[in-house]
Amino acid sequence: MSAPTSISEVAGAAHESVHPEPARYEDAILGFRNHWYPAMFSSDVRETEIKTLKLLGEDILLKRVDGRVYAVRDECLHRGFQFSAKPECFTKNTITCWFHGFTYSLKDGALVGIPSDPESKLIGKLKLHSYPVEEAKGMLFIFVGDMTPPPPLQDDLPFGLLDQDLHLVPWHQEEVNSNWRIAADSASELNHTFIHKRDFLLDYWRQPLPFAERPRSDSRHDEFVLHEGPGPKGISDVFNDAIPVFEFKIECDGEVGIVRPTYDPATEAGSTNFQETTATLTLPCGLRIGPWGGADPGSGASTYIHYEWYVPIDETHHRYIIAWGKKVSSEAEALAAEHDVRTRWSYLEYDGFNASDVLANESSQRAYSEEGYAFGEKENLSRIDGYVLSWRRIASKYNRGLQVPYGRKK
């Protein structure tokens, strides 16, 4: 193999030399290491402000300095005190441990001073773990891993997110009481829309939405597009490749019940025909659905793209983040989209639709906490679960390593 000659080839060679082995999805209770994750919105961290969060089990401290956000591990290397318990900054570029005064640069984590031992040989040698941070589209992304340099941000983002003409409106984030994989496993598989059949967002849209889809073949994987080339890795569920279910008869002990969605596709024209929609789930945990509703009911215009992420916090919690994107050609169109999402859709979309997903995920956590349930004999998958199986397969194949509890050898 010839030596790399360009900057891009050198970077690629560096990635190749440190690229860890992919981990099994069933082991990824804390998520996958060596990936970019959305952490907060840009507006969450103002100039000189310190914020903290837990990401993949790691405690991280962030501070914005001269417009740029830096992130380091929230733990002094001397005796393990968490800076965030009583943060002190005697210069804008440093964080000082309140316990013994060990002071570190926020830019690279280097130990720069010790009040009680200014000549210590530790100064300039010890370094806090420093996390690469990228700010894009009003969001802060943090790289949790060890690869130097990290892979390009766009390789870990849903398709199209960084397009220049896409105006992104990040508008929701919350902590959900479930492991991230419970949310990812049902992110866009159409059968889980059974939970949405009475949601009032569909009532507002007058939206015919099937509550299930039936496979067209015996294969569990035929209906899904795999993204295995350059860029993001994941799967797409192309809804027009499945047989939609709008009515189902339930019979038991002589009784007959009929399940129907709120609106009949034969008589109602909603804002989005579900068969026009494609949902794509990509590593490490991001979903893109588009075109999504957002136009006035019956207008036929579906101009928004829905993005969401299931970011691991710890073994039993994840951060649920939602943003909407819209293609715009002017500042006026961007401002109109911003206003539309924040004043109308942020309520209708979450309370009228996504809150059902949160309930479903949190109500599954107890079972998935049982030993041997998740990915084991107690989980009874059928041929309708091609989405789940396809996602688990591609996630296991293309992730960049397993995240393990802090302090344990990776």
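A distance below 6.0 Å separates the ring centres of Y25 and W180. Aromatic ring centres of Y307 and W324 lie farther apart than the 6.0 Å criterion allows. For an aromatic pair to be called close, the ring centres must be under 6.0 Å apart, and W36 with Y131 fails this.
A cation-pi arrangement is present between R79 and F99, with the terminal nitrogen or guanidinium carbon under 6.0 Å from the aromatic centre and inside a 45° cone about the axis. A cation-pi arrangement is present between K197 and F194, with the terminal nitrogen or guanidinium carbon under 6.0 Å from the aromatic centre and inside a 45° cone about the axis.
Side-chain polar atoms of Y347 and R342 form no donor-acceptor pair below 3.5 angstrom. A donor-acceptor pair shorter than 3.5 Å cannot be found between the side chains of Y70 and N93. Side-chain contact of E349 with Y304: a donor-acceptor pair under 3.5 Å is absent, judged by distance alone. D74 and S84 share a donor-acceptor pair across their side chains, judged by distance under 3.5 Å alone. Side-chain contact check for E379 and Y368: at least one donor-acceptor pair (N or O, by modelled atom type) lies under 3.5 Å. No hydrogens or angles considered: nothing links the side chains of Y387 and N191 as a donor-acceptor pair under 3.5 Å.
Using a 4.0 Å cut-off between charged side-chain N and carboxylate O, D155 and K233 make no salt bridge. Using a cut-off of 4.0 Å between Lys/Arg side-chain N and Asp/Glu carboxylate O, R68 and E134 are scored as not salt-bridged. Salt bridge absent: D59 and R73 never bring a charged side-chain N and a carboxylate O closer than 4.0 Å. Between R260 and E247 there is a salt bridge, with a side-chain nitrogen of the basic residue lying less than 4.0 Å from a carboxylate oxygen of the acidic one. Electrostatic pairing of E228 and K397 counts as a salt bridge here, judged by a charged N lying under 4.0 Å from a carboxylate O. At a threshold of 4.0 Å, the pair K92-E49 does not count as salt-bridged, since none of the basic side-chain nitrogens sits closer than that to a carboxylate oxygen. Between R181 and D185 there is no salt bridge, since none of the side-chain N atoms of the basic residue sits less than 4.0 Å from a carboxylate O of the acidic one.
Taking both residues in full, the closest heavy atoms of A39 and R319 are given as O-CD, 3.8 Å, listed atom of the first, atom of the second, then distance. The shortest non-hydrogen separation linking C89 to I95 is SG-CD1, 3.8 Å.
Side-chain contact between V45 and K63 is absent, with no heavy-atom pair separated by less than 4.5 Å. Looking at Q365 and I182, their side chains come closer than 4.5 Å, going by heavy atoms from C-beta outward.
In this pair, H227 and F159 present their aromatic rings tilted. The plane angle is within the 30 to 60° band.
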